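These notes are about the structure you will find just below.
Source: prediction; values computed, not measured. Atoms within each ligand, like the ligands themselves, are counted from 1 in listed order.
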Amino acid sequence: MKILVCVKQVPDTNEVRINKETGTLIRDGVPSILNPDDANALEEALKIKDEHDDVTITVITMGPPQADFMLRECLAMGADDAILLSDRAFGGADTWATSNTIAAGISKIGNYDIIFAGRQAIDGDTAQVGPQIAEKLNIPQVTYVQDFKIEGKDIIVQRQLEDGYELIKVSTPVLLTAVKELNAPRYMSVDKIVKAYKHDVKVWTIDDLDVNKEEVGLKASPTKVFRSFTPEPRGKGEILEGKADEIANKIIIGLKQKHII
Ligand SMILES: Cc1cc2nc3c(=O)[nH]c(=O)nc-3n(C[C@H](O)[C@H](O)[C@H](O)COP(=O)(O)OP(=O)(O)OC[C@H]3O[C@@H](n4cnc5c(N)ncnc54)[C@H](O)[C@@H]3O)c2cc1C
């Protein structure tokens, strides 16, 4: 079985703070990490490899050269191979152009059974790339996968809903997007870290892909970010005093004013 995992290197948004004076984001010293949902996606692939023979896992990312570091982290967790799609022509892409590039990379790899992606990346936060890749490869997809098992030739997944889950049977090839409830990602192992740094990470540029050059990168993106800004700090908290029912009343009035209830 050939499993591909789409992984993205993201800034650790937990570490991004706001400069109160200028209202801008402080990005200095913010580490880049493997996107958390993608770690769950990779872990699920590794679990399949633990339990079945003849499983190979390839991680693929589109990003700048420094994404090599994250790919080696994936190798050190247990992935067999890593591919970096990196070219200035891919830069500034929105989700449509991003998924065109990644789908072209996946088509070049070919013969895959399962593609895992994360539900969402913590920087762009759109949750669009996985489903768009599936559309472009013309394969079925199940998003928000919180449980996974193989039964013969079928794959049975639980798809998380707000108030429960759907049980879905799919056959391969399929693209699945992982949520954090799916599993607990493993740590890298020391021997695999050493191997990861001896491993050859393949770098593919635009010339290596069978992709329409007009359909990747900033120029091809149907959406453009024309302004980005730091949200206003929240208003100060208020301490309510009085009897319990008076306080409850004030809370209800306040929530109604803010259209929360
Ligand atoms: C309107 C708009 C304009 C943008 N303009 C720019 C821009 O000018 N410059 C810029 O740098 N960025 C830009 N971006 C951000 C860029 O589109 C996203 O970083 C990228 O498309 C991924 O989307 P996301 O982060 O929302 O991922 P999601 O869709 O939330 O990610 C879901 C999953 O898809 C997979 N995935 C996502 N991205 C990658 C990747 N690169 N490689 C491998 N797998 C991946 C991962 O498995 C991930 O968990 C823009 C985004 C939007 C919405």
State whether the shortest distance between N or O atoms of [X] and N or O atoms of ligand 1 falls below 3.5 angstrom.
| X | result |
| --- | --- |
| Thr223 | no |
| Asp37 | no |
| Leu218 | no |
| Arg119 | no |
| Lys224 | no |
| Met62 | yes |
| Val129 | yes |

Which atoms from ligand 1 have a heavy atom of [X] less than 4.0 Å away?
| X | answer |
| --- | --- |
| Thr95 | 17 (O), 21 (O), 23 (O) |
| Ala117 | 47 (O) |
| Thr98 | 20 (C), 21 (O) |
| Val225 | 2 (C), 3 (C), 4 (C), 5 (N) |
| Thr61 | 42 (N), 43 (C) |
| Cys6 | 44 (N), 46 (C), 47 (O) |

- [ ] Indicate yes or no: does Glu15 engage Arg17 in a salt bridge with an N to O separation below 4.0 Å.
- [x]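 Between Arg17 and Glu15 there is no salt bridge, as every charged N stays at least 4.0 Å from the carboxylate O atoms.
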Task: Ring centres under 6.0 angstrom apart (Phe148, Phe116) - done: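 Yes: the rings meet the under 6.0 Å criterion.
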For [X] and [Y], does a side-chain donor sit closer than 3.5 Å to a side-chain acceptor?
| X | Y | value |
| --- | --- | --- |
| Lys47 | Asn183 | no |
| Gln132 | Thr95 | yes |
| Ser171 | Asp154 | no |
| Lys2 | Thr56 | no |
| Glu181 | Gln146 | no |
| Asp125 | Gln120 | yes |
| Arg159 | Thr143 | yes |

- [ ] Report yes or no: does Asp68 contribute a side-chain atom to a donor-acceptor pair with the main-chain N or O of Pro65 at less than 3.5 Å?
- [x]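 A pair under 3.5 Å: no.
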Can you pull out the closest protein heavy atom to [atom]? Residue, atom name and distance to 0.1 Å, please.
| atom | value |
| --- | --- |
| atom 24 (P) of ligand 1 | Thr126 OG1, 3.6 Å |
| atom 8 (O) of ligand 1 | Gly92 O, 3.4 Å |
| atom 25 (O) of ligand 1 | Lys8 NZ, 2.6 Å |
| atom 33 (C) of ligand 1 | Gly118 O, 3.3 Å |
| atom 52 (C) of ligand 1 | Asp94 CB, 4.2 Å |
| atom 49 (O) of ligand 1 | Asp38 OD1, 2.4 Å |

- [ ] Decide side-chain contact (heavy atoms from CB on, under 4.5 Å) for Val145 and Val179; before the verdict, give the C-alpha distance in whole Å, the side-chain angles of both, and the deciding distance to 0.1 Å.
- [x] CA-CA 6 Å; Val145 171; Val179 292; over 6 Å; no
Open item on the list: Check for me whether Thr101 has a heavy atom closer than 4.0 Å to any atom of ligand 1.
Closed with: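 For ligand 1, residue contact (heavy atoms, under 4.0 Å) with Thr101 is absent.
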Task: contact_flag Ala127 ligand 1 heavy-atom lt 4.0 Å - done: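 It does; at least one heavy atom falls under 4.0 Å.
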TODO: Might you confirm whether atom CG of Asp245 has over 12 heavy atoms from other residues, nucleotides or ligands at distances under 6.0 Å?
DONE: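 More than 12 within 6.0 Å, yes.
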Task: Hydrophobic cluster of Ile109, others only, ordered by chain and residue number, side-chain cut-off 4.5 Å - done: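 Its cluster partners, ordered by chain and number, are Leu4, Ile60, Met62, Ile83, Leu85, Phe90, Ile102, Ile106, Tyr112, Ile115, Val129, Ile133, Leu137, Ile139, Leu175, Trp204, Ile206, Leu209, Val211, Val216.
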Task: Identity of the nearest option to atom 16 (C) of ligand 1, non-hydrogen atoms only, from Pro222, Ala121, Ala93 - done: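 Comparing heavy atoms across Pro222, Ala121, Ala93, the nearest one to atom 16 (C) of ligand 1 lies in Ala93.
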Task: Option with minimal heavy-atom separation from atom 40 (C) of ligand 1, where the choices are Val5, Val59, Ile102 - done: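 It is Ile102 that holds the nearest heavy atom.
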Task: Nearest heavy-atom neighbours spanning Ala41 and Val5 - done: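 Closest pair (atom of Ala41, atom of Val5, distance): CB-CG1, 3.9 Å.
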- [ ] Search all heavy atoms of Thr177 against all heavy atoms of Gly118 and return the closest pair with its distance.
- [x]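 Shortest heavy-atom separation between Thr177 and Gly118 comes out as CB-O, 3.6 Å.
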Task: Val7 contact mode with ligand 1 (heavy-atom cut-off under 4.0 Å) - done: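 Looking at Val7 and ligand 1, just backbone atoms fall under 4.0 Å.
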Task: Contact partition for Asp123 relative to ligand 1, non-hydrogen atoms under 4.0 Å - done: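 Only the side chain of Asp123 comes within reach of ligand 1.
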